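Report on one structure; see the data block that follows.
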Amino acid sequence: MGHEQNQGAALLQMLPLLWLLPHSWAVPEAPTPMWPDDLQNHTFLHTVYCQDGSPSVGLSEAYDEDQLFFFDFSQNTRVPRLPEFADWAQEQGDAPAILFDKEFCEWMIQQIGPKLDGKIPVSRGFPIAEVFTLKPLEFGKPNTLVCFVSNLFPPMLTVNWQHHSVPVEGFGPTFVSAVDGLSFQAFSYLNFTPEPSDIFSCIVTHEIDRYTAIAYWVPRNALPSDLLENVLCGVAFGLGVLGIIVGIVLIIYFRKPCSGD
């Protein structure tokens, strides 16, 4: 009984803190900026989430819902989704704030989570998977398969790849990011060299209820590399000839003397 009273007292002490947190981060309201017609507003999302599952805590950063990084808490470092973002991932100036978010998140799960168990409806999102290539498909040239997972909630999933029903090793980490509407999406990448007989599958397992979504990829409308190069050269040559003809016609037209009345 005394232990429960102590927990209740701790919760009561936390209530003022929970109420003050959003206010402590508030800034004076600034006047609404007047953007020129050719400029648009953009959104940067820095999302920390925690849950009673794996991963227990996560952090993702996205620009206009296009994920830039996720945070590897085991290494205390950002991991870029694409190599182009690697230089930015070295930024460590906000490491203390990220550590505070992690510890506070874990405290909420441990102390408040059991009190609310069974009292709050649990939301579920059945993940939807699709697979596509990162670059235009050319047989015999290195490419990357992308497994995109949407409608994900909560963000507890396992992604595996298969080639002709045989498990594939060596694919990278799964990138999870938040989107508008309190849902999540995920990306998994597999480097490969496409062949006409390829059959790949991306198997997504939602750990919360073991629901499985499978997306298949087979080559479609691919051109052999040499044929694609010949086609592009032919198009470029045709456009060049057309430009020369149009130029000659315009020169003749404008040099033609005007007839008088």
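Count residues from 1 along the sequence. Just so you know, these numbers come straight off a predicted model, no measurement behind them.
Put simply, CD1 on I214 and OG1 on T205 are 8.0 Å apart, with the number rounded to the nearest 0.5 Å. How far CD of Q185 is from CG of L152: 9.5 Å, rounded to the nearest 0.5 Å. To the nearest 0.5 Å, atom OG of residue S150 and atom CD of residue E130 are 6.5 Å apart. For the atom pair CD of E138 and OG1 of T193, the computed distance is 12.0 Å after rounding to the nearest 0.5 Å. For the atom pair CD1 of I203 and OG of S188, the computed distance is 11.5 Å after rounding to the nearest 0.5 Å. The distance from atom CG of D66 to atom OG1 of T43, rounded to the nearest 0.5 Å, is 12.5 Å.
Minimum interatomic distance between V168 and Q162 (heavy atoms only, all atoms of both residues): CG2-C, 3.7 Å. What you find for S60 and Q67 is that their closest heavy atoms are CB-NE2, 3.7 Å. Here the closest heavy-atom approach between residue P155 and residue Q51 is recorded as O-NE2, 3.3 Å. Residue L134 comes nearest to N143 through the heavy atom pair N-OD1, 3.6 Å, listed as atom of the first residue, atom of the second, then distance. The two residues V146 and F187 come nearest to each other via the heavy atoms CG1-CD2, 3.9 Å. Closest non-hydrogen pair, A129 versus C147, comes out as CB-SG, 4.4 Å.
Listed by chain and number, the residues in a salt bridge (Lys or Arg N to Asp or Glu O under 4.0 Å) with E106 are K102 (sequence neighbours excluded).
For F70 and F175, the distance between ring centers is under 6.0 angstrom. The ring of F73 has its center closer than 6.0 angstrom to the ring center of F71. Note: F192 and W161 fail the aromatic proximity criterion, with ring centroids not under 6.0 Å apart.
With H206 contributing its side chain and P154 its backbone, the two residues share a donor-acceptor pair below 3.5 Å. Distance alone, capped at 3.5 Å, is enough to place a donor-acceptor pair between the N151 side chain and the F126 backbone.
L145 and Y216 fall into different hydrophobic clusters, where Ile, Leu, Val, Met, Phe, Trp and Tyr are joined by side-chain heavy atoms under 4.5 Å apart, directly or via other members. Linking Ile, Leu, Val, Met, Phe, Trp and Tyr residues whenever their side-chain heavy atoms come within less than 4.5 Å places I98 and V57 in a single cluster. Follow the hydrophobic side-chain contacts under 4.5 Å out from V48 and you never reach L45; the two are in separate clusters. Side-chain heavy atoms closer than 4.5 Å link hydrophobic residues (I, L, V, M, F, W, Y) into clusters, and following such links, even through other members, never connects L59 to L157. Residues Y49 and V149 share a hydrophobic cluster, clusters being chains of Ile/Leu/Val/Met/Phe/Trp/Tyr side chains in contact below 4.5 Å.
Residues R78 and E61 have side chains in contact (heavy-atom distance under 4.5 Å, counting atoms from C-beta outward). Counting only heavy atoms from C-beta outward, the side chains of F44 and H46 approach each other to under 4.5 Å. Residues V159 and C202 meet the side-chain proximity criterion, which asks for heavy atoms closer than 4.5 Å.
Among residues at least two apart or in separate chains, disulfide bond (SG atoms under 2.5 Å apart) pairs with a member in residues 71-118 are C50-C105.
Taking the six-membered ring for Trp and thresholds of 30 and 60 degrees, F200 and W217 have ring planes inclined between 30 and 60 degrees apart.
A 6.0 Å sphere centred on CZ of F132 holds more than 12 heavy atoms belonging to other residues, nucleotides or ligands. For Y211, the OH atom counts as densely surrounded, since its 6.0 Å shell holds more than 12 non-hydrogen atoms of other residues, nucleotides or ligands.
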